[in-house]
Amino acid sequence: MHLTHLNTRGEANMVDVGDKQETRREAVASGRIVMLPETLTLLSEGGLPKGDVLATARIAGIQAAKRTHELIPLCHALALSKVSVEFEIDIAESCVHVTSLCRLNGRTGVEMEALTAVSVACLTLYDMCKAVDKGMHIEAIQLDSKQGGQRGDYQRVNRQSPIVTGEGTSGEVSLGERCPSPCVRVKFLAELRERVGESEATVGLDQLASRDISGLKEALAERDDRFKLLTDQRTLCAINQVMANDDALVTDDDEVAFFPPVTGG
Amino acid sequence: MDIKVAVQAAPFSMDYGYSDALVGRSDIGAVVSFTGLVRDFNETPDVTGLTLEHYPGMTERTLTEIGEQACQRWSLQAVRIIHRVGYLGPGDPIVRVLVASAHRREAFEACDFIMDFLKTQAPFWKKEHSTQGEYWVKERHSDQQDAARWE
């Protein structure tokens with residue numbers, strides 16, 4: 001592994017790509033700008049003094065991708081065949097997610113173009129909104145994936161830690177530890193917790209005949225007869241807090257919750 | 001979409017969400033709210049209280065999603081959903097849904113819709129305490145039918 005922009009004397013230099021094969025290259029980058037909920041409302045309703053914020057930021061991102069070589073010293077000028085910049089307004093996280101895709105047939109990758117597009121789109125969002133919110137911050141600008149080129153494809157692994165909840169007492173469930181070897185953490189909630197007599201269990205992935213919910217139910221039923229309750233048709237299931245059925249796949253460190261039909265309201 | 005949800009052990013006021021949803025706005029023509037209270041009779045005649053359990057994280061997400069679905073079906077200016085957990089006594093408010101819209105029909109229907117889905121999808125469980133002992137409340141078939149009306 002070496003840095004291609006440094007020569008043998010450690011000096012910066014532009015890589016000669018003349019002998020590289022032309023291939024179809026594609027890169028996707030993303031980032032986000034976090035702002036006050038009120039700012040996000042103004043942005044989504046078009047109530048900001050500088051006008052249509054997202055349309056302006058989109059054009060800014062596309063223009064920036066085309067001019068990446070003017071900003072980043074050792075980048076080549078590329079004839080991009082496609083640049084897209086998309087926005088997703090996230091009310092829960094009070095932010096705008098920015099995603100850019102760049103594509104070309106050429107001899108060099110387009111990840112810098114995608115990253116530049118995201119960066120400048122975020123900066124433009126800041127500029128357009130700063131009159132009402134100076135505390136905004138830009139974060140998590142990153143390459144999500146790239147295809148083509150001699151180093152092969154790249155796909156970012158989602159390192160966001162799964163939701164793990166611990167000891168369940170009446171009323172609430174708290175955060176818990178992660179397991180050391182590949183395993184699924186199982187929670188039993190409400191009446192089901194009382195009927196099985198436990199609030200949680202850990203099942204190693206290697207104990208599962210099939211790595212899905214039905215495999216998990218089987219493994220638990222083999223461990224103890226009480227867990228046969230899980231195959232009751234009334235019993236519901238969620239993986240990482242999203243409803244799931246018997247065919248849903250489970251992976252390392254997933255949190256699987258079993259519970260009876262809900263009775264709130 | 002102006003949606004706010006809250007799940008808390010502390011009591012909330014009977015006008016929760018009202019001023020928050022309306023402040024500084026003059027495009028709202030109708031506000032409909034529903035407040036659910038603890039009855040002193042349910043599966044047994046002498047309910048002394050109930051304990052509400054939930055699944056933190058999933059609860060908030062589910063309530064937000066229900067609010068978003070309502071916003072997709074109807075043109076709504078604001079949605080507020082609050083639900084209590086923990087121990088509640090007879091007469092205590094459990095849940096409150098407030099919907100603001102330009103016109104009354106949308107606000108009425110959206111509020112009804114949100115309650116139907118909250119009752120059948122949000123991960124809350126009630127355990128009733130009565131003079132005869134305590135027991136987990138069973139789900140009702142009628143609640144499922146109510147939710148199915150919207151399909």
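Everything quoted here is computed from the prediction, not taken from an experiment.
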Step through the shown structure and confirm whether more than 12 heavy atoms of other residues, nucleotides or ligands are within 6.0 Å of [atom1] on [X].
X	atom1	result
Tyr87(B)	OH	yes
Arg234(A)	CZ	yes
Arg140(B)	CZ	no
Phe12(B)	CZ	yes
His103(B)	NE2	no
Arg105(B)	CZ	no

Could you measure the distance from the [atom1] atom of [X] to the [atom2] atom of [Y]? Nearest 0.5 Å is fine.
X	Y	atom1	atom2	value
Glu194(A)	Glu134(B)	CD	CD	7.0 Å
Leu40(A)	Asp2(B)	CG	CG	11.0 Å
Lys4(B)	Ile91(A)	NZ	CD1	11.0 Å
Glu53(B)	Phe259(A)	CD	CZ	11.0 Å

Side chains of [X] and [Y], heavy atoms from C-beta outward: is any pair under 4.5 Å?
X	Y	result
Met243(A)	Thr62(B)	no
Lys138(B)	Glu191(A)	yes
Trp125(B)	Arg193(A)	no

For Pro56(B), is there any backbone N or O sitting under 3.5 Å from a side-chain donor or acceptor partner on Gln241(A)?
yes
Using a 3.5 Å distance criterion without hydrogens, assess whether the side chain of Trp136(B) forms a donor-acceptor pair with backbone atoms of Ala190(A).
no
The interface call for Gln121(B) against chain A, heavy-atom contacts under 4.5 Å, is backbone
Please look at Thr64(B) and chain A and tell me whether the side chain, the backbone, both or neither of the residue comes under 4.5 angstrom of a heavy atom of that chain.
neither
Option in Val137(B), Thr59(B), Val5(B) with maximal non-hydrogen atom pairs under 4.5 Å from chain A:
Val137(B)
Please look at Pro37(A) and chain B and tell me whether the side chain, the backbone, both or neither of the residue comes under 4.5 angstrom of a heavy atom of that chain.
neither
Shortest non-hydrogen contact between Lys126(B) and Gly265(A), atoms and distance:
NZ-O, 2.8 Å
Which heavy-atom pair separates Asn240(A) from Arg61(B) by the least distance, and what is that distance?
O-NH1, 3.7 Å
